[in-house]
Amino acid sequence: MLNALSHVFKTPDLRKKLLFTLGIIVLYRVGSHVPIPGVDYRTVQRCVDSVSEGEGILGLVNLFSGGALLQITVFALGILPYITASIILQLLTVVIPRLEALKKEGASGQAKITQYTRYLTVALAVLQGTGLVATARNGALFPNCPEASSIVPDDSVFVTVVMVITITSGTACVMWLGELITDRGVGNGMSMLIFISIASTLPGAIWAVKRESTIAGGWLAFGVVLLVGFAMVGLVVFVEQAQRRIPVQYAKRMVGRRSYGGTATYIPLKINQAGVVPVIFASSLLYIPALIAQFVGSGSGWATWVTNNFTKGNHPYYVVAYFLLVVFFAFFYVSITFNPEEVSDNIKKAGGFVPGIRAGRATAQYLGYVLNRLTWPGSIYLGLIALVPTVALGNFGSSNQLTGTSILIIVSVGLETVKQISSQVEQHRYEGFLH
């Protein structure tokens, strides 16, 4: 690892990419601390200090924004609108034939889909920014803070429009910074910004566990969190690297006097084929009832029931619903992102076959069978990763939402970034046959 890092800094091209990425990260973190106009910054700080940053129905958005949401800064929404837009476009690709045709066109079609994703990101930023301003104005952003209703002193239409435009512009700027990292930095820009957002809140979240726990001065909970964290990192690395390789053999073809084909390759099917998307889907869906109940108030019986059973991460109803939703969305997302029939047709058109399996429909059925068997342990793994830290911290009396989602994203993005840097290092160290 140290040799690889030293080689990165010795190579001018890689050094420029790395320094450029670090500069973009600094700009991103600076923007996460710049408040938007129309907000009483001192009142916001007093409300943030009075509650845990991980509490509330907006905890997931606050996690992906690096704590900027509750600070109501320029980058308050972070990269989450872009993630949502990307997922929506990916789902619509299966439903809308026009998007499916664009996906099959290659680079030009992918550029069109990327442009649609940008437009949808701006639209979602306007919608979510309006919701954030409305939530901050009526005091629902900090329900336990007595000064929450005075966060936005001026409730005029002009100030509201300026706040929404600022938040939307910040989201567009974050999207641009991510694309700059992808084009001119180390790559994988959007994931890198998510990594930085979550990693920036991780030390404070771990220390909050020690501060909030009442057992042995908090040191017992602190030690358990570290041990569980290291164990989960090892588990995530093991599972994320695990894959089932389906062998594919290509027959030889004679074109004139030349022979083509005859090679062997494989189709890599990961155990966690869906990634972290099912966890995000499940978390977002469970936030909707709590959000509606919070705006309705505690007057109705169903709102009280939702507040009592679906706002605490260690409640049995919440745990069961969360786990089942993660499993369901894992199968759902894999089914729309991996089409066995399409893969089988591509193999058949290229003159390939899976050894022992007939080409065509039999190959598609075999791929679907293998994929379903891999998705079961992958979905259960996602559910356990998402629930174990929340349940453990709740049993220690901590309200901090140090979720397994953050560990999963940090480790996954870290592994992908290391792979990309390593591949670039190998390209620069390759000298070719003439040398």
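One-based numbering along the sequence shown.
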### Task
Working to the nearest 0.5 Å, report the span between CG of L120 and CD of Q115.
12.5 Å
### Summary
Taking every heavy atom of Y28 against every heavy atom of I196, the minimum-distance pair comes out as CD2-CG2, 4.3 Å
### Summary
Of all heavy-atom pairs linking A386 and V279, the shortest is CB-CG1, 4.1 Å
#### Entry: Backbone of L124 reached by a side-chain donor or acceptor of T84 within 3.5 Å
no
#### Entry: Working for side-chain contact (heavy atoms from CB on, under 4.5 Å), residues I36 and T73
CA-CA 5 Å; I36 64 174; T73 63; 5.6 Å; no
### Query
So how far is it from L235 CG to I385 CD1, rounded to the nearest 0.5 Å?
4.5 Å
### Query
From W176 CH2 over to I181 CD1, what is the distance, rounded to the nearest 0.5 angstrom?
11.0 Å
### Query
Quick one: are R361 and S344 in side-chain contact, heavy atoms under 4.5 Å?
no
### Task
State, with a plain yes or no, whether a side-chain heavy atom of L269 is found less than 4.5 Å away from one of I246.
yes
### Query
Atom CD1 in I83, atom CE in M190: separation rounded to 0.5 Å?
9.5 Å
### Query
Does a salt bridge link R184 with E179, judged by any charged N lying under 4.0 Å from a carboxylate O?
no
#### Entry: Smallest separation among heavy atoms of L180 and F20, with atom names
O-CE2, 3.6 Å
### Query
So, do I409 and F195 sit near enough that their side-chain heavy atoms are less than 4.5 Å apart?
no
### Query
Which pair of heavy atoms, one from P247 and one from P355, lies closest together, and at what distance?
O-CD, 3.3 Å
### Query
Taking side chain as C-beta onward, heavy atoms only, is I167 less than 4.5 Å from V74?
no
### Task
Mind listing the closest non-hydrogen atom pair of V126 and T130 along with its distance?
O-OG1, 2.7 Å
### Query
Within the distance-only criterion (no hydrogens, no angle test), does the side chain of Q128 pair as donor or acceptor with the backbone N or O of A125 below 3.5 angstrom?
no
### Task
Let me know which of V239, V236, V413 forms a side-chain contact (heavy atoms from CB on, under 4.5 Å) with L408.
V236
Under 3.5 Å, which donor-acceptor pairs do the side chains of residues 323-333 form with other protein atoms, sequence neighbours left out?
unit_1: Y333; atom_1: OH; unit_2: Q90; atom_2: OE1; d: 2.6
unit_1: Y333; atom_1: OH; unit_2: Q90; atom_2: NE2; d: 3.3

### Query
Mind checking whether T337 and V277 have side chains closer than 4.5 Å, heavy atoms only?
no
### Query
So do the side chains of V248 and Y266 get within less than 4.5 Å of each other, counting heavy atoms only?
no
### Query
If we only count heavy atoms from C-beta on, is the F75 to S197 side-chain gap below 4.5 Å?
no
### Task
Kindly compute the distance separating CG (L415) from CD (Q241), expressed to the nearest 0.5 Å.
5.0 Å
### Message
For N188, is there any backbone N or O sitting under 3.5 Å from a side-chain donor or acceptor partner on S191?
### Response
no
### Message
Before you tell me yes or no, could you show the steps for I267 and V354 under side-chain contact (heavy atoms from CB on, under 4.5 Å), namely the whole-Å CA-CA distance, both residues' side-chain angles and the distance that decides it to 0.1 Å?
### Response
CA-CA 10 Å; I267 303 174; V354 177; 5.6 Å; no
### Query
Hey, does the side chain of T117 reach the backbone of A85 with a donor-acceptor pair shorter than 3.5 angstrom?
no
### Message
Show the nearest heavy-atom pair for residues E100 and T93, with the distance to one decimal.
### Response
CB-O, 3.4 Å
Output a table of donor-acceptor pairs, distance under 3.5 Å, between side-chain atoms of residues 373-381 and any protein atom two or more places apart or on a different chain; print 'none' if there are none.
unit_1: R373; atom_1: NH1; unit_2: Y369; atom_2: OH; d: 2.9
unit_1: T375; atom_1: OG1; unit_2: L371; atom_2: O; d: 2.6
unit_1: S379; atom_1: OG; unit_2: T375; atom_2: O; d: 3.0
unit_1: S379; atom_1: OG; unit_2: W376; atom_2: O; d: 2.9
unit_1: Y381; atom_1: OH; unit_2: E240; atom_2: OE2; d: 3.1

### Query
Looking only at atom types and distance, does a side-chain atom of T182 sit under 3.5 Å from a main-chain N or O of G189, one as donor and one as acceptor?
yes
### Query
What distance do E105 atom CD and I113 atom CD1 have between them, rounded to the nearest 0.5 Å?
8.5 Å
#### Entry: Side chains of T171 and Y82, donor plus acceptor under 3.5 Å
no
